Amino acid sequence: TVSNGTAAVIGGPFTVVSNATFSVPGFRSTNVVVQFAPVSVGAFTNSVAFASDNGGVATNTVIGVGAIVPVASFSGTPTNGTAPLAVTFTDSSTGTITNRFWNFGDSNTTNTTSTSVNHTYNLAGTNTVSLTVFGPLGTNVQSRSSYIVVLNPAHLAVNPGSLSYGSVVIGQTNSLTFTLSNTGDVPLSGTATSAAPFTVSSGGTYNNLAGGQTQTVTVAFAPDSATTFNGSMIFISDGGDLTNAVSGVGVTPGNIIVTPTSQDFGTLATGTTAQVSFVVTNTGGSTVTNGTATASGPFTVLSNANFSVTGFGSTNVVVRFAPVSAGTFTNSVAFGTANGGVATNTVIGTGAIIPVASFTGTPTNGAS
């Protein structure tokens with residue numbers, strides 16, 4: 001029998017909690033219970049010394065790790081902004097942690113032991129971020145719903161891509177519009193400018209145009225000469241710059257000249273008709289519209305009593321003479337337009353009756 005046996009630990013946090021003194025009969029055994037009770041975090045190694053009066057001594061090693069249950073906690077800054085948004089996440093978790101797993105909410109994840117991690121969000125969206133911490137005593141998760149909000153930056157779009165004013169009479173003005181829009185999420189500000197003869201008449205400044213909103217920009221074209229103008233609309237903004245083409249043609253005003261100045265039908269038998277043509281020429285560059293030609297008496301307008309003449313073009317107006325009695329007739333054909341002036345041209349004709357011979361004589365006989 002081994003008698004007067006002792007078991008002792010040299011220092012904490014290990015202690016012998018049962019059978020610190022023992023006796024062991026021959027060919028028998030007994031249990032000595034050692035307790036590990038860490039009060040701080042760390043790895044501990046110690047020895048248990050066994051001794052007896054008549055059974056020798058032994059030294060056995062005890063090892064243990066002190067740890068704290070992990071509790072996940074984190075913060076990020078900034079939590080909102082425009083893409084690309086660089087966010088710094090800081091782990092403020094407590095407990096004994098051996099690894100961290102981040103889910104950034106945009107399909108990107110990472111494993112790290114670092115307490116700080118940087119991540120860049122390249123696409124707009126609302127992201128739920130979670131942190132899972134691992135330790136020897138288990139895992140813990142913190143999830144922050146809709147934590148990182150990433151916005152599209154302000155972005156300028158302008159439609160149509162270009163404006164064509166066509167032909168505009170010198171001294172007159174034609175106005176057309178561009179529609180600009182903010183296709184981003186944050187407000188857009190900027191200006192629209194152009195050079196003469198194109199002038200921004202309204203909407204040239206846009207301040208804090210909200211995402212998804214539109215604004216019209218009215219541009220006037222006022223040509224000062226008969227030529228083709230090609231210009232640019234310059235849109236400058238904090239959401240990008242654009243250049244859109246503008247074009248137009250300056251033309252001279254429409255003006256009619258009617259030739260010849262007079263037409264003489266000559267002598268015409270009553271009951272018959274004859275016709276002549278007047279040529280209406282537009283000496284201007286813009287179309288003459290709503291033209292009318294009228295006559296009276298034995299003269300009537302046979303064709304093109306209503307006419308339009310394109311710039312530098314011409315058309316024929318046919319006038320008919322139909323006398324119903326003998327005599328010389330003089331009248332006028334009046335040409336009028338909405339935007340090309342007027343003209344008055346003379347028509348002359350003589351009506352006559354076809355002669356039929358007839359006579360009598362008296363006496364018709366007698367001595368010579």
Side-chain angles (χ1 to χ4, degrees), residues 1-79 85-122 126-148:
T1 298
V2 172
S3 57
N4 296 321
T6 61
V9 179
I10 305 171
F14 304 96
T15 55
V16 177
V17 295
S18 70
N19 272 357
T21 60
F22 58 86
S23 293
V24 184
F27 303 110
R28 302 293 295 274
S29 63
T30 189
N31 290 329
V32 175
V33 178
V34 178
Q35 177 180 276
F36 176 49
V39 295
S40 61
V41 175
F44 301 90
T45 301
N46 218 321
S47 299
V48 181
F50 297 88
S52 66
D53 287 346
N54 57 347
V57 297
T59 301
N60 292 64
T61 301
V62 284
I63 300 170
V65 178
I68 299 173
V69 175
V71 177
S73 179
F74 70 91
S75 62
T77 184
T79 57
L85 180 66
V87 180
T88 298
F89 291 98
T90 301
D91 177 11
S92 55
S93 304
T94 59
T96 303
I97 299 169
T98 57
N99 192 44
R100 297 163 177 84
F101 177 78
W102 292 91
N103 187 329
F104 300 110
D106 62 350
S107 301
N108 288 290
T109 62
T110 189
N111 280 291
T112 182
T113 58
S114 175
T115 58
S116 179
V117 62
N118 297 319
H119 181 67
T120 298
Y121 292 86
N122 293 307
T126 300
N127 303 276
T128 295
V129 182
S130 65
L131 169 65
T132 303
V133 291
F134 300 84
L137 299 181
T139 64
N140 189 250
V141 180
Q142 183 184 40
S143 180
R144 306 191 76 162
S145 179
S146 304
Y147 187 52
I148 304 297

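The basis for the numbers below is simple: all heavy atoms, side chains too, and nothing from hydrogens, waters or symmetry mates. Worth saying up front: this structure is predicted, and the values here are computed from it rather than measured.
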*Asks:* For Ala72, is there any backbone N or O sitting under 3.5 Å from a side-chain donor or acceptor partner on Asn140?
*Replies:* yes

*Asks:* Would you check, one step at a time, whether the test side-chain contact (heavy atoms from CB on, under 4.5 Å) holds for Trp102 with Val117?
*Replies:* CA-CA 9 Å; Trp102 292 91; Val117 62; 3.6 Å; yes

*Asks:* Under the criterion side-chain contact (heavy atoms from CB on, under 4.5 Å), I'd like the reasoning laid out for His119 against Asp106: C-alpha separation, chi angles, the key distance, then a yes or no.
*Replies:* CA-CA 10 Å; His119 181 67; Asp106 62 350; 2.9 Å; yes

*Asks:* Ignoring hydrogens and angles, tell me if any N or O in the side chain of Asn54 forms a donor-acceptor pair with the backbone of Ser3 under 3.5 Å.
*Replies:*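 Yes, Asn54 side chain to Ser3 backbone: donor-acceptor pair under 3.5 Å.
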
*Asks:* Parallel under 30°, tilted from 30 to 60°, perpendicular over 60°: which one fits the rings of Tyr147 and Phe89?
*Replies:*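 If you compare the ring of Tyr147 with that of Phe89, the planes turn out tilted.
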
*Asks:* When the side chains of residues 14-38 are checked against the rest of the protein, which donor-acceptor pairs come out under 3.5 Å, sequence neighbours left out?
*Replies:*
| residue | atom | partner | partner atom | Å |
| --- | --- | --- | --- | --- |
| Asn19 | ND2 | Thr30 | OG1 | 2.8 |
| Asn19 | ND2 | Asn31 | O | 2.4 |

*Asks:* Are the side chain of Thr90 and the backbone of Ser116 linked by a donor-acceptor contact shorter than 3.5 Å?
*Replies:* no

*Asks:* For the CG atom of Asp91 and the OG atom of Ser73, what is their distance to the nearest 0.5 Å?
*Replies:*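 Rounded to the nearest 0.5 Å, the CG-OG separation comes out at 7.5 Å.
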
*Asks:* Please lay out, stage by stage, how Leu137 and Ile68 fare under the test side-chain contact (heavy atoms from CB on, under 4.5 Å).
*Replies:* CA-CA 7 Å; Leu137 299 181; Ile68 299 173; 5.6 Å; no

*Asks:* Would the distance check show the side chain of Tyr121 and the main-chain N or O of Asn127 forming a donor-acceptor pair, the cut-off being under 3.5 Å?
*Replies:*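 No, Tyr121 side chain to Asn127 backbone: no donor-acceptor pair under 3.5 Å.
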
*Asks:* Side-chain contact test, heavy atoms from C-beta onward, threshold under 4.5 Å: evaluate it for Asn111 versus Asn99 and give yes or no.
*Replies:*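 In contact.
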
*Asks:* Any luck finding a side-chain donor-acceptor pair between Asn118 and Thr88 under 3.5 Å?
*Replies:* yes

*Asks:* If you measure from CD1 on Ile97 to OG1 on Thr139, what distance do you get to the nearest 0.5 Å?
*Replies:* 11.0 Å

*Asks:* Going from CG on Asn103 to OG on Ser130, what distance comes out if it is rounded to the nearest 0.5 angstrom?
*Replies:* 4.5 Å

*Asks:* With a 3.5 Å distance limit and no angle check, can you tell me whether Ser145 reaches the backbone of Thr128 through a side-chain donor-acceptor pair?
*Replies:*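 No.
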
*Asks:* With side chains defined as the heavy atoms from C-beta onward, is the minimum distance between Val129 and Ser143 less than 4.5 Å?
*Replies:*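 They are not in contact (no side-chain heavy atoms under 4.5 Å apart), so the answer is no.
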
*Asks:* Please report the C-alpha distance between Thr109 and Phe101 in whole Å, then the side-chain angles of each, then the deciding distance to 0.1 Å, and finally whether the side-chain contact (heavy atoms from CB on, under 4.5 Å) criterion is met.
*Replies:* CA-CA 7 Å; Thr109 62; Phe101 177 78; 3.7 Å; yes

*Asks:* Taking the side chain from Gln142 and the backbone from Phe74, do they hold a donor-acceptor pair closer than 3.5 Å?
*Replies:* yes

*Asks:* Side chains of Ser47 and Thr61 only: does a donor on one sit below 3.5 Å from an acceptor on the other?
*Replies:* no

*Asks:* Check Pro78 against Ile148 and note the closest heavy-atom contact, atom names and distance.
*Replies:*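 Taking every non-hydrogen atom into account, O-CD1, 3.9 Å.
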
*Asks:* Taking all non-hydrogen atoms of both residues into account, name the closest pair between Pro70 and Val133 and its distance.
*Replies:*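 Taking every non-hydrogen atom into account, CB-CG2, 3.8 Å.
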
*Asks:* For Thr112 and Ser114, work out which heavy atoms get closest and say how close.
*Replies:*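 Scanning both residues, the minimum pair turns out to be OG1-N, 3.0 Å.
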
*Asks:* Does Arg100 reach the main-chain N or O of Thr113 with its side chain, forming a donor-acceptor pair under 3.5 Å?
*Replies:*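 Side chain of Arg100 to backbone of Thr113, a donor-acceptor pair under 3.5 Å: yes, one is there.
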
